[in-house]
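Note that the structure is a prediction, hence the values are computed from the model and not measured. Indexing begins at 1, ligand by ligand and atom by atom, following the structure's order. Any value given below was found using the heavy atoms of this structure, including those in side chains, with hydrogens, waters and symmetry copies removed. Residue numbers start at 1 and run along the sequence shown.
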Amino acid sequence: MEAAAKARTSVNGHGPRPLKGLPPGPRMHRVAQTAIWSRQAQWFLEQSRARFGPMFSIKIAYEGDWVVLADPELVKQVFTGDPKVFHAGEGNQILRPILGENSVLVLDEKKHIGQRKLLLPPFHGERMQAYGEKMTEIAAREIESWPTGVPYKLRPRMQAITLEIIIETVFGVHDGERMEPLREALRDFLDLTTNPRVLLPVLMVGPDRVNLIPAFRRRVERVDRLIATEIAERRRAEDLVEREDVLSMLVGARHEDGSPMSDKEIRDELLTLLVAGHETTATALSWAMERLTRHPEKLERLRAEVLDDEDAYLTATIQETLRLRPVIVIVVRKLTEAVELGGYELPAGAGVTPCIHLIHRDPNIYPEPDRFLPERFIDNPPGTYTWIPFGGGVRRCLGAAFAQFEMAVVLRELVRRRQIEPADPAPERNYRRAITETPRHDAEVILR
Ligand code: HEM
């Protein structure tokens, strides 16, 4: 923590002057660092933390320099920092050709806050009850269709559940005839954001020219046509005010000047919610089952409490899963000007990256950090800067309440309906899929 201590004194003007430039980090070539980062991010972060302390630099080919932060005090300074200086949207430009220029994920400052305000109401905690019944119905139907007695990969099935939940609660499409083509087109679209073979060309030609690739354009246009039809129908719907899906709420939402959202804005945000909320939640659910099946006594306790309609252990299990197996290992903010942090004057253009993985494995915050212990969160709610699976500040995940509610629904239905064992008792290691860290064997289990 020496670097952090320096920052505090120098901010007060009593300590040494900040060092200009980046903190030390691995000296390997940028290409080598990028290769290790993309295959073994967690190992790379842990090694660097052990060598250089809680603030170090790494070099990623297409991202530039990242200053990794593994100290909650430094993370707090970033999450509470001025959004004009700490840009998150700028770090997500690779998603712009896919999600569109209005996407809350790719914007910064005033434009970002404008879109975020429009999106917040449907994601408030108390709104979740409205989605609960639909989520339960979808989870129960899906789980009942799973085979028993044979090894079965849960991750693709969790993806099917999270996609169905988004189609019904976000898009508000229930009609079987319209649902199938939409489901198909959305699945194909999601491939653009999770398949490294597809993402690579986007990286190579850059976000501004990727639309020149016909195969890419065709995929986006197909999904756009279907969404345009849904938006047009919803604008005409007579029961708009009674409807509870997110699309209907966006049709009724107003900018600060009283104007409605354009079709293009709605389209961009719907696809943003799909991309941000689908794979992430499915991965977190897969990890929850991967961990629980390696700890049968905890799975049994969870089942007993769920059958008693108790939620405390369920909530703690979800929190512990997201601590020990966070779906995303870091979040990025690009500096628009030089910033003093942790004893350094970091240059404009550098990325600062609160490190979810390292904060969650800090033994000073979580004793025995590598153990799966949901008990640690019973009567001990997670801290704002020490439990950060959803990032933080004005960019904190908009769907955090939605995701945790959805996880609770699915886990409840699953443990209530099935006995579950691991297909292989050895723990599954992590595997990097584009952005998310998933269980290597897709959370393979045997259901009984
Ligand atoms: C377990 C599941 C999920 C995880 C682990 C997760 C994680 C994250 C993280 C780490 C960020 C970046 C935060 C930051 O930069 O500080 C984020 C942003 C975001 N997430 Fe999630 N997310 C999940 C589910 C969802 C769901 C279900 C939705 C919506 C349906 C959603 C919508 C968003 C949006 C819109 C943003 C951008 C917020 C902004 O830039 O203002 N996420 N999420």
Side-chain angles (χ1 to χ4, degrees), residues 69 75-76 78-81 83 86-93 95 99-100 102-120 122-124 127-128 131 135 158-159 161-163 165-171 193 245-247 249-250 268-288 318-319 321-334 351-357 359-360 384-385 387-411 435-438:
L69 306 175
V75 168
K76 180 177 177 185
V78 172
F79 283 163
T80 55
F86 295 92
H87 271 187
E90 212 181 304
N92 289 332
Q93 290 308 303
L95 293 171
L99 301 181
N102 304 294
S103 163
V104 70
L105 269 172
V106 307
L107 294 173
D108 279 304
E109 301 188 33
K110 255 178 131 164
K111 285 185 173 168
H112 165 255
I113 289 297
Q115 289 297 315
R116 191 169 163 106
K117 276 194 184 149
L118 294 166
L119 284 172
L120 275 173
F123 288 99
H124 265 168
R127 294 270 328 148
M128 294 309 125
Y131 305 133
M135 288 182 179
M158 293 300 188
Q159 285 188 307
I161 294 182
T162 58
L163 180 59
I165 287 178
I166 289 178
I167 291 177
E168 296 233 10
T169 60
V170 175
F171 289 75
T193 60
D245 56 87
V246 177
L247 168 53
M249 293 188 71
L250 295 184
D268 290 356
E269 299 311 0
L270 285 178
L271 290 179
T272 299
L273 296 172
L274 172 76
V275 166
H278 164 259
E279 165 120 350
T280 44
T281 315
T283 303
L285 277 164
S286 309
W287 276 124
I318 292 167
Q319 289 164 342
T321 302
L322 291 168
R323 178 194 72 81
L324 188 58
R325 295 288 186 271
V327 173
I328 295 168
V329 291
I330 56 158
V331 293
V332 184
R333 305 288 185 264
K334 284 247 178 198
V352 287
T353 63
C355 185
I356 301 171
H357 173 72
I359 294 272
H360 287 188
T384 312
Y385 304 107
W387 186 79
I388 52 169
F390 297 106
V394 292
R395 305 303 297 228
R396 186 171 188 267
C397 175
L398 258 165
F402 187 95
Q404 290 169 92
F405 189 86
E406 176 175 355
M407 286 179 73
V409 166
V410 176
L411 292 177
I435 307 168
T436 54
E437 296 283 340
T438 60

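- Annotation: Y131 is not in aromatic contact with F405 [ring centroid separation under 6.0 Å not met].
- Summary of contacts: the protein heavy atom closest to atom 27 (C) of ligand 1 is G277 CA, 3.5 Å.
- With a 4.0 Å heavy-atom cut-off, ligand 1 is reached by the backbone of P389 but not by any atom from C-beta on.
- With a 4.0 Å heavy-atom cut-off, ligand 1 is reached by the side chain of R116 but not by its N, CA, C or O.
- Annotation: side chain of T281 is not in contact with side chain of I166 (no heavy-atom distance under 4.5 Å).
- Taking atom 8 (C) of ligand 1 as the reference point, the nearest protein heavy-atom neighbour is C397 CB, 3.7 Å.
- Of the heavy atoms in V331, only side-chain atoms (C-beta onward) come closer than 4.0 Å to ligand 1.
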Discussion item. Please determine whether side-chain contact (heavy atoms from CB on, under 4.5 Å) holds for the pair F171 and D245, giving the CA-CA distance in whole Å, both sets of side-chain angles, and the decisive distance to 0.1 Å.
Written reply: CA-CA 6 Å; F171 289 75; D245 56 87; over 6 Å; no
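- For atom 16 (O) of ligand 1, the nearest non-hydrogen atom of the protein is R333 NH2, 2.7 Å.
- When hydrogens are left out, the protein atom nearest atom 6 (C) of ligand 1 is F390 CD2, 3.6 Å; that is the closest non-hydrogen contact.
- Taking the side chain as every heavy atom from C-beta outward, L270 and L247 approach each other to under 4.5 Å.
- Atoms of ligand 1 found under 4.0 Å from any heavy atom of G391, numbered from 1 in the order shown, are 10 (C), 13 (C), 14 (C), 16 (O).
- Residue E406 places no heavy atom under 4.0 Å from ligand 1.
- From the protein, the heavy atom lying nearest to atom 32 (C) of ligand 1 is A276 CB, 3.5 Å.
- Ion pairing between D108 and R395 holds under the 4.0 Å rule for side-chain N and carboxylate O.
- Protein heavy atom nearest atom 24 (C) of ligand 1, with residue, atom name and distance: T280 OG1, 3.5 Å.
- Aromatic ring orientation, F402 versus F123: perpendicular (interplanar angle above 60°, classes split at 30° and 60°).
- Here the protein heavy atom with the shortest distance to atom 37 (C) of ligand 1 is L105 CD2, 3.5 Å.
- With A401, G399, A400 as candidates, the residue nearest to atom 28 (C) of ligand 1 on a non-hydrogen basis is G399.
- Within the 4.0 Å heavy-atom criterion, the part of H112 lying near ligand 1 is the side chain and not the backbone.
- Using a 4.0 Å cut-off to heavy atoms of A403, the atoms of ligand 1 that qualify are 1 (C), 2 (C), 24 (C).
- When non-hydrogen atoms are compared, ligand 1 lies under 4.0 Å from neither the backbone nor the side chain of Q115.
- Taking 4.5 Å as the limit, every side-chain heavy atom of Q404 sits out of range of all side-chain heavy atoms of M128.
- Looking at heavy atoms from C-beta onward, T283 lies out of side-chain contact with E437 at the 4.5 angstrom threshold.
- When only non-hydrogen protein atoms are considered, atom 13 (C) of ligand 1 lies nearest to R395 O, 3.2 Å.
- Close approach of ligand 1 to V104 (heavy-atom distance below 4.0 Å) involves ligand atoms 35 (C), 40 (O), 41 (O).
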